[in-house]
Amino acid sequence: MLDQTEHILRQLIGFPTVSADSNLELIHYVASLLEDVGAKIELQHDATRKKANLFATIGPDIAGGIVLSGHSDVVPVSDQNWRTDPFTLEKEDGRYYGRGTCDMKGFIAATLAMAPTFAAHQLKRPIHFAFTYDEEVGCLGAQDLVQILGHRPHLPAAAIVGEPTDMKIVEGHKGCCEYSVYFEGHAGHGSMPDHGVNAAEYATRYVSKLLELREALKGRAPKDSPFDPPWTTINVGRIEGGTAHNVICNHAEVDWEMRPIAQADADWVNGILQSFCQDDLLPNMRKIWPDSNITTRTIGEVIGLTPLRSNEARDIVVALTGSNDSHFVPFGTEAGLFQELGIATIVCGPGSIEQAHKADEFLEIGQLKQCLSMLDKLAHSMKAA
């Protein structure tokens, strides 16, 4: 089974599915593999029709199935110093190297290699494959997918999201909210700064407010928070603006993200920022130039995964792996979207998040073997009596 998984992983890595580009070649390849074993295939395209989600089912058309979920997109390799071609799988010293090996095409390859085994059994519950686009830029594909699933008469009962967790069971993580804020001022000669509206200066004031809120959020952390760090975090990812030293900057942009541990924190931060822009920054900008403006674009707002006392997905994976430990992580996944539908959800997959998004990304072969063992046991546990 490992040889077949390696073969599939090699093909998947060969598709350069960076989020900015199409994933259709990969999705069509995956669809053909699943069609060969008799799976029911559904494709859901985005508005451009250059990307698609795949949702496939093996087994009876009933409620209560198990979703095996992964995202097809990967982060860029530009400005990274790779030893080898990132889109060619390399095997060395017990590891698979390549962009997406651990995040998260290794898990996808394992599920596809196991598909013939699933199909060979007369399953008492269906197994679903959910492979999405644009997870890395706001879980956009998954948000579209769950809207469709939410209207189905036969809702799955549990979901295993195969993000890299070293095959540990993760039952909680923070949300992820990403925003781009645009400041439109009025240009002029740098020798007369009072005659223009310097967008960079107002962007700086906005960033200062973000940093102020970041510190204040530390005091809002619940005493029993399981996360590290235990509070909602804010990160400023990019600041850009201006044209020259002696020109008043008339345009600036700020990209930032927030990882809330609770929706109340996200609402609190966004409420303060909205008031700060409307009541402070904009009136001062428009005193000088009436057409000045601040606009915020929401890139993505993905809810976190909330740990629950009763969680069938956790119980299933505990039975399959023999591990009773549960963990919490600071990074985000699509898991909370499935949970919001009422589907019991956990995160468990091969590889370490420490390798994700880096040059020379790799997946330990031993981790992939553990994943295949879990999926093989899942197949037997789902077999009808």
Side-chain angles (χ1 to χ4, degrees), residues 75 135-139 163 170-185 193 197-242 249 251-287 292-307 327-333 335-337 347 353-354 356-358:
V75 297
E135 186 271 350
E136 298 289 3
V137 290
C139 297
E163 291 277 8
V170 169
E171 59 174 328
H173 65 67
K174 298 178 182 180
C176 183
C177 305
E178 296 181 345
Y179 307 98
S180 293
V181 186
Y182 303 88
F183 298 82
E184 300 174 52
V197 177
N198 195 311
E201 293 180 7
Y202 284 94
T204 300
R205 292 180 62 184
Y206 185 92
V207 170
S208 295
K209 177 61 73 171
L210 285 175
L211 299 181
E212 176 187 317
L213 292 171
R214 184 170 74 180
E215 288 303 305
L217 285 165
K218 295 178 180 180
R220 293 174 61 93
K223 292 182 180 179
D224 59 349
S225 174
F227 299 107
D228 181 19
W231 49 77
T232 292
T233 59
I234 288 176
N235 177 67
V236 179
R238 186 180 71 96
I239 305 173
E240 184 176 331
C249 172
H251 178 79
E253 300 176 16
V254 175
D255 292 343
W256 66 280
E257 69 152 25
M258 171 171 47
R259 304 277 176 148
I261 62 172
Q263 186 60 43
D265 280 355
D267 294 341
W268 181 73
V269 168
N270 285 322
I272 290 174
L273 289 172
Q274 183 177 4
S275 296
F276 182 58
C277 290
Q278 294 296 325
D279 301 338
D280 188 341
L281 298 185
L282 274 173
N284 283 293
M285 295 169 73
R286 288 171 175 170
K287 282 179 184 177
S292 299
N293 202 15
I294 301 172
T295 56
T296 298
R297 182 163 71 98
T298 300
I299 305 303
E301 292 179 323
V302 181
I303 63 173
L305 177 64
T306 303
H327 301 265
F328 302 87
V329 293
F331 61 87
T333 77
L337 295 168
V347 185
I353 197 66
E354 293 298 321
H357 299 192
K358 294 181 180 179

Is there a donor-acceptor pair closer than 3.5 Å between any side-chain N or O of Thr232 and the backbone N or O of Ile261?
-> yes
Answer yes or no: is there a donor N or O on one side and an acceptor on the other, between the side chain of Asp280 and the main chain of Phe276, under 3.5 Å?
-> no
Of the non-hydrogen atoms in Gly241 and Cys249, which two are nearest, and what is the gap between them?
-> C-SG, 3.9 Å
Quick one: are Met285 and Asn293 in side-chain contact, heavy atoms under 4.5 Å?
-> no
Compare all side-chain heavy atoms of Lys209 with those of Leu281 and state whether any distance is below 4.5 angstrom.
-> no
side-chain contact (heavy atoms from CB on, under 4.5 Å) with Met258: of Leu210, Val269, Asn235, only one passes, and it is Val269
Could you tell me whether the side chain of Tyr206 reaches within less than 4.5 Å of the side chain of Leu273, counting heavy atoms only?
-> yes
Per-pair distances, 0.1 Å, donor-acceptor, side chain in residues 214-229, under 3.5 Å, sequence neighbours excluded:
from	atom 1	to	atom 2	distance (Å)
Arg214	NH1	Ile234	O	3.4
Glu215	OE1	Lys218	NZ	3.4
Glu215	OE2	Lys218	NZ	3.3
Arg220	NE	Asp265	OD1	2.7
Arg220	NH2	Asp265	OD1	3.0
Ser225	OG	Phe227	N	3.4
Ser225	OG	Pro230	O	2.8

Sequence neighbours excluded, the answer for ring-ring contact (aromatic ring centres under 6.0 Å, His included) partners of Tyr179 is Trp256
Which value, rounded to the nearest 0.5 Å, describes the distance between Gln278 atom CD and Ile294 atom CD1?
-> 8.0 Å
CZ on Phe183 to SG on Cys277, rounded to 0.5 Å | 6.0 Å
To the nearest 0.5 Å, atom SG of Cys176 lies from atom CD1 of Ile299 at 11.0 Å
What distance separates Lys174 NZ from Trp231 CH2, expressed to the nearest 0.5 Å?
-> 8.5 Å
For Asn198 and Ala200, the nearest pair of non-hydrogen atoms, with its separation, is OD1-N, 3.0 Å
With side chains defined as the heavy atoms from C-beta onward, is the minimum distance between Ile239 and Val207 less than 4.5 Å?
-> yes
Start with the C-alpha distance between Asn270 and Glu301, add both sets of side-chain angles, then the distance that settles side-chain contact (heavy atoms from CB on, under 4.5 Å), and finish with yes or no.
-> CA-CA 12 Å; Asn270 285 322; Glu301 292 179 323; 4.2 Å; yes
Taking all heavy atoms of Pro307 and all of Gly172, pick out the closest pair and write down the distance.
-> CD-CA, 4.2 Å
How far does NZ of Lys287 sit from OG of Ser292, to the nearest 0.5 angstrom?
-> 12.5 Å
Nearest 0.5 Å, what's the CD-NE2 distance between Glu163 and His173?
-> 8.0 Å
Shortest non-hydrogen separation from Val302 to Cys139 and the atoms involved | CG2-CB, 3.6 Å
